[in-house]
Amino acid sequence: MEPSNLIFIVDDNPTNIKVLYDLLRASGFRVLVAKSGETAIERLESVTPDLILLDIMMPGIDGYETCRRLKANPNTMNIPIIFMTALSDAVSKVKGLKEGAVDYITKPLEHQEVLARINTHLELYQLRQKLEQRVQERTLELSDALENLKQSQIKLQQSQVQLVHSEKMSALGNLVAGVAHEINNPVGFMIGNIYPAIEYINDLFGLIQLYQQEFPSPGNAIQAYVKRIDLDYVREDLPKLLESMQQGAERIYNISQSLRTFSRADNECKQPFNIHDGIDSTLLILRHRLKANQNRPDIEIVKNYGELPLVKCYPGQLNQVFMNLLANAIDALEELNQNRSFTEIAASPNCITIITKADTVNNTVIISIKDNGVGISKDKQQRIFDPAFTTKAVGKGTGLGLAIAKDIVVEKHMGKLECASTSTDGAEFIIEIPLL
Ligand SMILES: Nc1ncnc2c1ncn2[C@@H]1O[C@H](COP(=O)(O)OP(=O)(O)OP(=O)(O)O)[C@@H](O)[C@H]1O
Ligand SMILES: [Mg+2]
C-alpha cells in the first residue's frame, strides 16, 4: 500500500465523512472531501485522486449521475470509484456497477472491510496502469519496428528498380552506341561518294548535250529511246534527287553522331563534355515528338545558350537527365493540348526554353529547361522527385524519371536539381553542376 495515495470522499453526511476521514487518515492516506456531486466534479478538474468513495443518495446530482459524468470525461474516466450506499438491495448495486463503479460498500460501514476494499482496488488500479503503460510502450515499439521495416522495404524496392533501370540504360547505351558506329561507316561513304556521283552525272549530261549538238538527227531508235525515258525530265529531276539523297544521308549521319554522343558509355570516370552537344543530341533524338502532327504545330524550342566551359562529368548520365526533363516537358505540353484545338494551340504555341549559363561566382554551370505546359501544383512539387510518383496513366509513366535525374545530378555530380513551377505558368527545372 502506498501511504501517499489520495482518496476522495464524496458524501453529504457529516457523520459519515468524519468516520471515513479519521479511518483513512489513521491508515496513512491523504484525504480530500466534497459534499455534493457538483463540487466533486469541479474539484476533479484540478486534482486527480487515486480512488473515489462516492455516496449514492445526495442532494443535487446523485451518485449515479456523478459517476456517469466522471466516466464520460477522459480525464477522470480511469479513476476507480467505490459506491457507498445504505441501499443493500441487488438492483441498486447492479446499477452502480453498470455506471462504471469498480465496487460498492454498504452502510453502516465496516472499517476493516472498507480498508480491505480500498487497498484491493488501489492495487488493481496501479497494476492496470502499469499494464496499460507497458502495452502502450510495446505498441509504440512494434509500430516503430513496422514503420522501419516498411521504409527499408520501400528503399530496397527503389534501389532495385533504379539498379535495373540503370543497367538497362547502360546496356541500351552500349547497343545504341554500337549500332550508331555501324551506321556511321556506310553513311560516311555514301556522303563521300555522292559528290563525285553528282559530278559524273553532270559530265554525262554534258556529253549527251554535246552528242545532241553534233548529231541533231541520231536516227529513229535513239529518238524513240529519248522520248521513252523523257530525257528532259530526267535531266531536270536527277540533280534534285541526288541532292535530297545527300541531305538524307547527312541527316542519318547527324543522328548517328547524336546517338553516339547521347549514349556515351562513361560510367567509370568523368570526362570533359560540351553540355550544348548533349542537349542538342537529346533534342535530335526527341525530334519525332517535337515535330508538328495533325493535332498541333511544331513545339518551339528556344535556345539561349551562354558561354560554357567543358564540364567534367559523366556525359551519358547527364544526357539521360536532359532526356527525362525534356520528355516530361513534352508530356506536360501534350496534357495541356488535350482540350485545345489546333488553332488555339497555334495562337499560343507550345514552347520549351533552354537557357544555359556559367555562374562564375559559385563556379557552376546552370541549365534551365522551362515549358509552358500544365505546370505543377505546390503539393505535387513536394512529391515529384519521389521514386514511383507519377500522374501519368498506367504504362505511360513509371515515375522514375525525376528520381533518377535527381540521383544523377545530386549524388553523381554533387549538383542541384530543383523545380520552380506555378500551376498556370508551366514548369521550370534548374540543374546546377559544379565545375570541379
Ligand atoms: N515539366 C513538367 N510539367 C508538369 N508536371 C511535371 C513535369 N515534370 C514532371 N512532372 C510531374 O512529375 C511526375 C513525376 O515525373 P517523373 O519524370 O519522375 O515520372 P513520369 O514522367 O510520370 O514517368 P517516367 O518519367 O518514369 O516515364 C509526373 O508524373 C508529372 O506529374
Ligand atoms: Mg518522366
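Values below: all heavy atoms of this structure, side chains included; hydrogens, waters and symmetry mates excluded. One-based numbering, in listed order, for ligands and for the atoms of each.
- A salt bridge links Arg235 with Asp232: at least one charged nitrogen is closer than 4.0 Å to a carboxylate oxygen.
- With waters left out, the protein N, O or S atoms under 2.8 Å from the Mg ion (ligand 2) add up to 1.
- Taking a 4.0 Å cut-off on heavy atoms, Gly399 registers as neighbouring ligand 1.
- Of all atoms in ligand 1, listed by their number and element, those nearer than 4.0 Å to a heavy atom of Gly375 are 4 (C).
- Although no hydrogens or angles enter the test, the distance criterion places a donor-acceptor pair under 3.5 Å between the side chain of Asp50 and the main chain of Leu6.
- Only the side chain of Asp371 comes within contact range of ligand 1, with a heavy atom under 4.0 Å; no backbone atom does.
- A salt bridge does not link Glu99 to Lys95: none of the charged side-chain nitrogens sits closer than 4.0 Å to a carboxylate oxygen.
- A donor-acceptor contact shorter than 3.5 Å links the side chain of Thr356 to the backbone of Gly306.
- Judged purely by distance below 3.5 Å, without hydrogens or angles, the side chains of Lys392 and Asn328 pair a donor atom with an acceptor atom.
- Here Tyr305 pairs with His276 under the ring-ring contact (aromatic ring centres under 6.0 Å, His included) rule; sequence neighbours left out.
- In this structure Phe83 satisfies the ring-ring contact (aromatic ring centres under 6.0 Å, His included) test together with Tyr64, sequence neighbours excluded.
- Taking the side-chain hydrogen bond (donor to acceptor under 3.5 Å, both in side chains) definition, one finds that Tyr125 meets it with Gln129, sequence neighbours left out.
- The nearest heavy-atom contact from the protein to atom 14 (C) of ligand 1 is Phe389 O, 3.2 Å.
- Salt-bridge annotation for Lys406 and Asp386: absent, with no side-chain N of the basic residue lying under 4.0 Å from a carboxylate O of the acidic one.
- Counting atoms of ligand 1 from 1 in the listed order, those under 4.0 Å from a heavy atom of Ala427 are 1 (N), 2 (C), 3 (N).
- Looking at ligand 1, you'll find an N or O of Asn328 within less than 3.5 Å of one of its N or O atoms.
- Proximity of Phe429 to ligand 1, defined as any heavy-atom pair under 4.0 Å, is confined to the side chain (atoms from C-beta onward).
- The shortest N or O to N or O distance between Thr390 and ligand 1 is below 3.5 Å.
- Close N/O approach between Lys392 and ligand 1 is found [any backbone or side-chain N/O within under 3.5 Å].
- The pair Arg68-Glu65 meets the salt-bridge criterion, with a side-chain N (NZ, NE, NH1 or NH2) lying under 4.0 Å from an Asp/Glu carboxylate O.
- Looking at Asn193, its side chain does come within 3.5 Å of a backbone N or O of Phe189 through a donor-acceptor pair.
- Nearest to atom 7 (C) of ligand 1 by heavy atom, out of Leu402, Ile376, Leu400, is Ile376.
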